[in-house]
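Have a look at the structure below before the remarks.
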Amino acid sequence: MNKHDNSNNENRSTKDQQLEEFRVRNDGKHMTTNQGLPISEDEHSLKAGDRGPTLMEDFHFREKMTHFDHERIPERIVHARGFGAHGYFQVYESLKDYTKAKFLQDPAVKTPVFVRFSTVAGSRGSADTVRDVRGFATKFYTEEGNYDLVGNNMPVFFIQDAMKFPDFIHAVKPEPHNEIPQAQSAHDTFWDFVSNNTESAHMVMWAMSDRSLPRSFRMMEGFGVHTFRFVNDQGVAHFVKFHWKPVLGTHSLVWDETQKLAGKDPDFNRRDLWNAIETGNYPEYELGLQIIKEEEEFNFDFDILDPTKLWPEEIIPIKIVGKMTLNRNTDNFFAETEQIAFHPGHVVPGIDFTNDPLLQGRLFSYTDTQLSRLGGPNFHEIPINRPIVPVHNNQRDGMHRMTINPGQTSYHKNGIASNSPSPLSADQGGYEHYAEKVEGRKIQKRSDSFKDHYSQASLFWNSMSEVEKEHIVSAFQFELGKVQSKVIRQNVVDMFANVDGELAARISEGIGTITPEVKSAASTQSSPALSMLNTIKSPLTRKVAVLVGNGYPDKALSNVLQALTGAGIVPEIVSPKLGVVTSDGVSRLEVQHSVLGADSVLFDAVLVSGGRQSVDELLMEPKVPDFIKEAYQHFKPIAAIGEGTELLPAVEGPGIVVSLANDDLRMFNLNFIDAISEHRHWSRLI
Ligand code: HDE
């Protein structure tokens, strides 16, 4: 084991030890007040007589109730609904040519991380599957302090200058007079903002695409959005964009499905992440970097400081440099996921900022928001926010201070404590800001190079497959269909005519607006990497609903279930009643869901078992045909063996796999696994 293995284990165990220190286990302990006083009664308040009034002197009642009354903290103004997990990150090879960041040097080092995924617009209790951008924020607990990569699942943003963020968020949040609608952009103020702020065009295209409806946090890309700077130990800087690439590929739900899921399982994405980690199917993401030299800054037809622009992968390829694995769920949602405090300004030596005006504004906002959300300046002392390295400075006191700083001095420079703590020079590892040369007049203006609002919106549209285009058009029609003002609807259609004439015409068809005159498209270029049709396909962790009743064919079904499990697929037994179902042979199956409690939207595919009695039992359950039909309409793989085929809406077609007899299932299994890997079968006619 080399020294880094050791330091890595130390890092990991330091974080764990630190958390352990704060973890309180109550198993078998006697109950006390917060002052440590043992309690003899916790169910009845102190009263004057058993039917009398409660007495003020019941300090235990008052302490318990006061604590309860204050158990909520303000939710995040944006990204309120989130879900987090622990894990680690490892770089594949040293990035020393680009950055001196220590956690990016040695493949043997495992850096502990905590990731919080989130939606943006909804309140903390809103549904997971709404149409929205997803946050993808990672805290790396490095040996040089915490580094936060606070990104989203889309590579660009709605606005170019942080000054406009409060306006944008006010517009997308529920309208102020009636607080409607919750967690939706389908309302007048959002679209009024869009049509009056055309810099939003590109991001709106992403938001209207299926990227807004991730199948799973495990199947979602992440982006740092802004251009950052890497600086190596020679002081040489490069511009860099960060990407997270999910190992399972990037996959989405369909709109109808997401809306049903919002009612059937509002925790769909949370549950998926939690269960995957509990069952050892650890989510993995590769870290990708796009890197350009400083002198290449002006080589492109977009400004690299403009956060509404991406760097097409075909022009600037992504270099895959490491992998993050999430392998541990939280012990306590509030203490960890709710109290974690991210900040794009939490950086380590070797990672620096650029003058992207959105990033610059974020560098102010995040600490400011924690002050009100976490109640003061000491939020870095909350266990989940603590670095794994010691903290030494002269900051003192304030709300909720945990550290007891001994000693007489709390100022720098001092003589009494031999000037301790004192700064570390840059060559010894102290952070030094990159000495970028800046000059110019103080001016409230945006660079002319930020003025092109449509080219990349066009690029995105041009890069979509026909199915993806159809979904984008339907999304616009749905959203604008909820907009009451005809003027706003017209303004939006007119605006998107600048992106693509066909797009505007297709949107216009469904929403009673005048189709604008066709203009030439802002760009004729495309970037195939932007289409989700070109993503990685994998059967791993896909959930299959196995519809089965008593009398199912023992050998055949066991054979299929074994093949599915062997391919890393998760079959779950769905039957009219909970309990067990018995086969025509010796085996029995534990039923995991009753038909009543399950729905096809909770699964990636459906398999209907054969067996006369089994099929008859399923037919007796009125919900079963709808279950299968709905999966069919959501383009999911559908399979049946033997008599089970009677229940299918079609016995052939894309993503439909049948075996008419209950025997020789080898080809059936292979075809079904392939169909599951495919995710959705868009060429199916419904
Ligand atoms: Fe954020 N953002 N943001 N944001 N953001 C917050 O900080 C803000 C932006 C992102 O899981 C807040 O701690 C401004 C872009 C994520 O805890 C707040 C601007 C990107 C999260 C804030 C932006 C993000 C936040 C609210 C425009 C993608 C959730 C609570 C200048 C690169 C982190 C908090 C978590 C959260 C401000 C734009 C990502 C108010 C002013 C662009 C993932 O400080």
Side-chain angles (χ1 to χ4, degrees), residues 73-85 113-124 128 132-139 146 148-173 193 197 199-200 202-203 206-207 211 214 217 220-228 240-244 269-270 273 305-310 330 333-347 353-375 379-380 382 384-385 446:
I73 59 172
E75 63 175 35
R76 290 163 172 81
I77 166 73
V78 284
H79 298 262
R81 182 167 178 83
F83 203 64
V113 298
F114 188 87
V115 176
R116 183 174 180 274
F117 301 105
S118 49
T119 52
V120 179
S123 296
R124 208 183 126 180
D128 275 352
D132 199 353
V133 182
R134 298 299 185 282
F136 189 142
T138 309
K139 191 180 283 294
N146 291 349
D148 292 354
L149 178 54
V150 197
N152 279 344
N153 76 329
M154 296 178 192
V156 289
F157 202 63
F158 293 96
I159 48 169
Q160 295 171 321
D161 190 313
M163 185 75 138
K164 288 165 80 91
F165 191 65
D167 301 298
F168 165 65
I169 295 300
H170 287 171
V172 69
K173 282 269 181 181
F193 180 91
N197 296 274
E199 69 209 65
S200 62
H202 186 194
M203 181 65 165
W206 282 79
R211 298 278 183 151
F217 293 137
M220 185 175 95
E221 284 184 292
F223 302 89
V225 175
H226 313 281
T227 299
F228 288 88
V240 60
K241 285 232 190 240
F242 294 99
H243 298 250
W244 288 119
N269 289 140
R270 287 183 167 194
L273 189 76
L305 299 186
D306 175 355
T308 67
K309 302 294 188 302
L310 51 81
T330 53
F333 176 88
F334 181 85
E336 299 173 80
T337 308
E338 192 60 11
Q339 292 200 118
I340 194 159
F342 292 97
H343 176 25
H346 292 159
V347 288
F353 315 109
T354 61
N355 298 328
D356 170 347
L358 199 68
L359 173 59
Q360 292 286 321
R362 290 180 75 201
L363 295 176
F364 162 74
S365 172
Y366 286 66
T367 306
D368 185 47
T369 208
Q370 311 308 350
L371 293 178
S372 58
R373 206 170 66 74
L374 297 168
F379 56 86
H380 59 282
I382 297 171
I384 194 69
N385 293 323
R446 215 167 299 170

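Note that ligands are numbered from 1 as they come in the structure, with each ligand's atoms numbered from 1 the same way. Because only heavy atoms are used, hydrogens play no part in the values below, and waters and symmetry mates are left out as well, while side chains stay in.
Of the inter-residue distances, the one linking Phe157 atom CZ with Thr308 atom OG1 reads 11.5 Å to the nearest 0.5 angstrom. Taking CG from Asp306 and CD from Glu199, the interatomic distance works out to 8.5 Å, rounded to the nearest 0.5 Å. In this structure, OG1 on Thr227 lies 11.0 Å from CG on Asn355, to the nearest 0.5 angstrom.
At under 3.5 Å, a nitrogen or oxygen of Gln370, whether backbone or side chain, sits near a nitrogen or oxygen of ligand 1. Any N or O atom pair closer than 3.5 Å counts here, and His226 shares no such pair with ligand 1.
Among Phe157, Phe168, Phe379, Phe114, the residue whose heavy atom sits closest to atom 42 (C) of ligand 1 is Phe157.
Annotation: atom 30 (C) of ligand 1 to nearest protein heavy atom, Arg76 CG, 3.6 Å. For atom 34 (C) of ligand 1, the nearest non-hydrogen atom of the protein is Thr369 CG2, 3.3 Å. Looking only at heavy atoms of the protein, atom 33 (C) of ligand 1 is closest to Phe342 CD1, 3.8 Å. Of all protein heavy atoms, the one closest to atom 28 (C) of ligand 1 is Asn152 ND2, 3.2 Å. Of all protein heavy atoms, the one closest to atom 35 (C) of ligand 1 is Arg116 NH1, 3.2 Å.
One N or O on the side chain of Asp128 and one on the backbone of Asn269 form a donor-acceptor pair closer than 3.5 Å.
Each protein N, O or S atom less than 2.8 Å from atom 1 (Fe) of ligand 1 was counted, giving 1.
Residues forming a ring pair (Phe, Tyr, Trp, His ring centres under 6.0 Å) with Phe193 (at least two apart in sequence, or on another chain): Phe168. A search for salt bridge (charged side-chain N to carboxylate O under 4.0 Å, His left out) contacts involving Arg124 returns Glu338, not counting sequence neighbours. Taking the ring pair (Phe, Tyr, Trp, His ring centres under 6.0 Å) definition, one finds that Phe223 meets it with His243, sequence neighbours left out.
Inspection of the His380 and Asn385 side chains reveals no N or O donor paired with an N or O acceptor under 3.5 Å. In the model, His343 has no side-chain atom that pairs as donor or acceptor with a side-chain atom of Arg362 under 3.5 Å.
Ligand 1 lies within reach of Gly151, whose nearest heavy atom is under 4.0 Å from it. Not a single heavy atom of Pro166 sits less than 4.0 Å from an atom of ligand 1.
Close approach of ligand 1 to Gly224 is summarised as follows: ligand atoms under 4.0 Å from at least one heavy atom of the residue are 32 (C). Near Ala162, the atoms of ligand 1 lying under 4.0 angstrom from a non-hydrogen atom of the residue are 31 (C). Using a 4.0 Å cut-off to heavy atoms of Val225, the atoms of ligand 1 that qualify are 28 (C), 32 (C). Shown in contact with Ile77 at under 4.0 Å from a heavy atom are these atoms of ligand 1, numbered in order with element: 40 (C).
Judged by the 6.0 Å distance and 45° axis criteria, Lys139 is positioned over the aromatic ring of Phe342.
Proximity of Leu358 to ligand 1, defined as any heavy-atom pair under 4.0 Å, is shared by backbone and side chain alike. Contact annotation: for His343 versus ligand 1, there are no heavy atoms closer than 4.0 Å.
Aromatic ring orientation, Trp244 versus Phe136: parallel (interplanar angle below 30°, classes split at 30° and 60°).
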Go through the steps to decide whether Arg211 and Glu221 satisfy the test salt bridge (charged side-chain N to carboxylate O under 4.0 Å, His left out), and finish with yes or no.
CA-CA 9 Å; Arg211 298 278 183 151; Glu221 284 184 292; 2.5 Å; yes
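Under 4.0 Å is where a charged nitrogen must lie from a carboxylate oxygen, and between Arg116 and Glu336 no such pair does.
Between Phe217 and Phe83, the distance from one ring center to the other does not fall under 6.0 angstrom.
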